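I am attaching a structure below and will ask some questions about it afterwards.
The structure presented is a predicted model; accordingly, all values stated were derived computationally and were not measured. Quick note on labels: first sequence line is chain A, next is B, and so on, each numbered from 1.
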Amino acid sequence: MVLFTDVQHAMVTEKALKSAGYLVRLVAPPPELRKGCDLAVEINLVEKPGIERLLNDRGLAYIGIDPIKIATAPLLSVVKVTDFGDWIMVKAGNMKITCEKASGVIVNVSGGGCPDIPYLHAELIDRRISEVPRPKDIGFTLCALNLDRAFDECLTLRLGEDEA
Amino acid sequence: MMLIAGTVPIKGMPLAVGRVVREGEALAIDSQRIPCTQGTGAMISAALATTAYLGLEAPRAVIVGDVGEGRGSRELYRYLVDNVAGLSPQVLALHYWLPDMSQTRQLCEAVEGCKERPVIIADAASMYSAKAAGVAEGFDIFTPDATEIAFLADPNATHPAYIARHLFESDVDRVPELARAACENHGAAKLLLVKGAVDYVIKDGDVLATVAEPSMPALEAIGGTGDTVTGLVAALTYAELEPQEAAIIAARANRMAGKYAQATPATKVKDIIAQFPSVFKDYLCQWSNVCYIGGDGKDGRS
């Protein structure tokens, strides 16, 4: 498991490792290592040398790579979709994103409690979902990661493509 | 004094402490202006609308800029730990910040130094960190939504991103069961106001009341409508209503404000907040016996 000081470094590293072809997943670190908003990347330990080299070559910050196998927890991956007629709301964990079907414009973001959520709310609202940065690319926390899962589901619904 | 603490989404904004003043569509605290949008701004706006209507002292707020990196949150924790005993608020309402279990425990210890123990209310990540730190039972009111009650019920989760799948997939009918589990697992405050299609007011695992009317499904989609409920609860508690009474009225007022605003999923929370004075004028006396006398800006209880 690759451990980090903050969630954003874990998200960036997961993206880099997946791009490089590694099979990795985001998980919670063991309870004794948690501060409150934590994320780690689970790797195949036999790939540690290559992964370590990639992280160092790219200057990706991490605390360490430790052979921890127990007491981790997977991220919740369930999404729910609610149809409001002209709008559609997608919920992932504690985060919800609502878009106008015809235009693909994000009309609301709700839920969550970490400090980047009001920031993401301001960045995303009243803009087309196809034209805004992804929450996981500009957010920092687990709430942002949940919002990104809802965002990702919205993208698969191809909202607003008729109008675009 | 009612003290509201939380982060605001303005990068680099320094910590500001002061009485809240409404300036057009924004809020002013010390020399800082913040928008009445989702998050701490919406919560403060709802509390201010309530105290203004009742002629009570406006909330005092401590806010700091943080867009998620955590620097502002750490400043906020430090300020509260160092100053809460000296301020000794009657109501302490905690809101958005980067959850930190260690700092939350320190804050709970610092609160013990207050002249009189404040009513402590937590929503958003301050609720997450209280539960994760194992100090939830030291809080008076939590205002979770249906997902967050599943988080409070899950003894192993330190953030809603990690709640067990079977708990997340539960429907609204299971809220009482999850609330009981949260209480048994020491993950709940003394009183829970669970926001959802039906709002539940729960104490020690027992359902005291439910609020389902007016039915406003669109409110779930509107960012900040949970924050406004928490702001209403805080201000009504500050007005010396019993916590459960404050919770019931807050749930009713929020729904009614949504109805007055003719809310759709695209409505913005500032349009909901704008309706609170009309809702109070029409219903607060009937719901609570807190009746505005008029003229001198004072409130009175009939």
message = Under a 3.5 Å distance rule, please check whether Lys268(B) uses its side chain to pair with a backbone N or O of Val107(A) as donor and acceptor.
response =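 It does hold such a pair.
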key: Sequence neighbours excluded, every pair satisfying ring pair (Phe, Tyr, Trp, His ring centres under 6.0 Å) that has a member inside residues 3-35 of chain A   =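 Output for this query is empty, none listed.
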ask   = Contact part of Asp86(A) toward chain B, heavy-atom cut-off under 4.5 Å: side chain, backbone, both or neither?
value =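 No part of it gets close to chain B.
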query = Is the count of non-hydrogen atoms from other residues, nucleotides or ligands lying under 6.0 Å from Lys259(B) atom NZ greater than 12?
reply =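 It does not: Lys259(B) NZ has 12 such atoms or fewer within range.
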Atom group of Ala266(B) that falls short of 4.5 Å from chain A, counting heavy atoms =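 Ala266(B) touches chain A through backbone and side-chain heavy atoms alike.
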key: Per-residue contact mode, Ile97(A) against chain B (heavy atom under 4.5 angstrom)   =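 For Ile97(A), there is no contact with chain B at all, as no heavy atom is under 4.5 Å.
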Contacting moiety of Ser129(B), where chain A heavy atoms sit under 4.5 Å =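 Nothing of Ser129(B), per the 4.5 Å heavy-atom cut-off to chain A.
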task = Measure distances from Glu148(B) to the heavy atoms of chain A and classify the residue's part below 4.5 Å as side chain, backbone, both or neither.
result =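 Only the side chain of Glu148(B) comes within 4.5 Å of chain A.
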key: Side-chain heavy atoms of Cys143(A) within contact of Tyr128(B), under 4.5 Å   =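 In contact.
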inquiry  = Minimum heavy-atom separation for Ala221(B) and Asn108(A), please, with both atom names.
reply    =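 Result for this residue pair: O-CB, 3.0 Å.
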query = Should Thr264(B) and Glu100(A) count as side-chain neighbours, where that means a heavy-atom distance under 4.5 Å?
reply =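 Not touching, per the 4.5 Å side-chain cut-off.
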request  = With a 4.5 Å cut-off on heavy-atom pairs, point out which of Gly41(B), Ala132(B), Pro265(B) contacts chain A the most.
outcome  =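 Counting heavy-atom pairs under 4.5 Å, the top option is Pro265(B).
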inquiry  = Using every non-hydrogen atom in the two residues, find where Ala125(B) and Gly113(A) come nearest and quote the distance to one decimal.
reply    =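 Looks like CB-O, 2.9 Å.
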ask   = Got a sec, which pairs hit side chain to side chain donor-acceptor pair (under 3.5 Å) with one end in residues 132-147 of chain A, sequence neighbours left out?
value =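 The answer is Lys15(A)-Asp137(A), Asn94(A)-Asn146(A), Asp116(A)-Thr141(A), Arg134(A)-Asp148(A), Arg134(A)-Asp152(A).
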Smallest separation among heavy atoms of Asn156(B) and Arg34(A), with atom names =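 Scanning both residues, the minimum pair turns out to be O-NH1, 3.3 Å.
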query = Which bit of Tyr162(B) is near chain A, if near means a heavy-atom gap under 4.5 Å: side chain, backbone, both or neither?
reply =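 Both backbone and side chain of Tyr162(B) come within 4.5 Å of chain A.
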Chain A interface, residue from Asp100(B), Thr7(B), Leu98(B), Thr104(B) that has the most non-hydrogen pairs under 4.5 Å =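 The residue among Asp100(B), Thr7(B), Leu98(B), Thr104(B) with the greatest pair count is Leu98(B).
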message = Is it the case that over 12 heavy atoms from other parts of the model lie below 6.0 angstrom from the CD atom of Glu137(B)?
response =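 More than 12 within 6.0 Å, yes.
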inquiry  = Using a 4.5 angstrom heavy-atom cutoff, name the option from His121(A), Arg149(A), Gln8(A) with the most pairs to chain B.
reply    =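 It is His121(A).
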inquiry  = Does any backbone or side-chain atom of Pro217(B) lie under 4.5 Å from a heavy atom of chain A? Answer side chain, backbone, both or neither.
reply    =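 It is both, since atoms from each part get that close.
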request  = Could you check which of Pro160(B), Gly68(B), Pro9(B), Gly65(B) has the highest count of heavy-atom pairs closer than 4.5 Å to chain A?
outcome  =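 So the answer, after comparing Pro160(B), Gly68(B), Pro9(B), Gly65(B), is Gly68(B).
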ask   = What part of Asp123(B) gets closer than 4.5 Å to chain A, counting heavy atoms only: side chain, backbone, both or neither?
value =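 Nothing of Asp123(B), per the 4.5 Å heavy-atom cut-off to chain A.
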ask   = If you measure from CG on Asp66(B) to CZ on Phe140(A), what distance do you get to the nearest 0.5 Å?
value =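 Asp66(B) atom CG to Phe140(A) atom CZ measures 8.5 Å (nearest 0.5 Å).
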request  = Name the member of Gly70(B), Gly39(B), Pro35(B), Ala124(B) that forms the most heavy-atom pairs with chain A at distances under 4.5 Å.
outcome  =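 The residue among Gly70(B), Gly39(B), Pro35(B), Ala124(B) with the greatest pair count is Ala124(B).
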ask   = Does CZ in Arg105(B) sit with more than 12 non-hydrogen atoms of other residues, nucleotides or ligands closer than 6.0 Å?
value =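 Atom CZ in Arg105(B) is crowded, with more than 12 foreign heavy atoms closer than 6.0 Å.
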Check: Lys96(A) and Asp145(B) side chains under 4.5 Å, non-hydrogen atoms =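 Asp145(B) reaches Lys96(A) side chain to side chain.
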inquiry  = Under 4.5 Å from any heavy atom of chain A, what part of Thr267(B) do you find: side chain, backbone, both or neither?
reply    =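 Thr267(B) touches chain A through backbone heavy atoms alone.
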query = Looking only at atom types and distance, does a side-chain atom of Asp6(A) sit under 3.5 Å from a main-chain N or O of Glu69(B), one as donor and one as acceptor?
reply =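 Checking the backbone N and O of Glu69(B) against the side chain of Asp6(A), no donor-acceptor pair under 3.5 Å is found.
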message = Less than 4.5 Å to any heavy atom of chain B: does that hold for the side chain of Cys99(A), its backbone, both, or neither?
response =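 Neither part; nothing is under 4.5 Å.
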query = At a heavy-atom separation under 4.5 Å, does Glu220(B) approach chain A through its side chain, its backbone, both, or neither?
reply =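 Its backbone and side chain both get close to chain A.
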ask   = Considering the options Pro115(A), Cys37(A), Cys114(A), which one meets the side chain to side chain contact (heavy atoms under 4.5 Å, CB included) requirement together with Ser73(B)?
value =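 Only one option passes, and that is Pro115(A).
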ask   = Looking at Leu145(A), Val7(A), Ile125(A), Asp126(A), which makes the most heavy-atom pairs under 4.5 Å with chain B?
value =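 With the most close heavy-atom pairs to chain B, the winner is Asp126(A).
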inquiry  = With chain A as the partner, which of Ile222(B), Thr225(B), Thr40(B) has the greatest number of non-hydrogen pairs under 4.5 Å?
reply    =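 Most heavy-atom pairs under 4.5 Å with chain A: Ile222(B).
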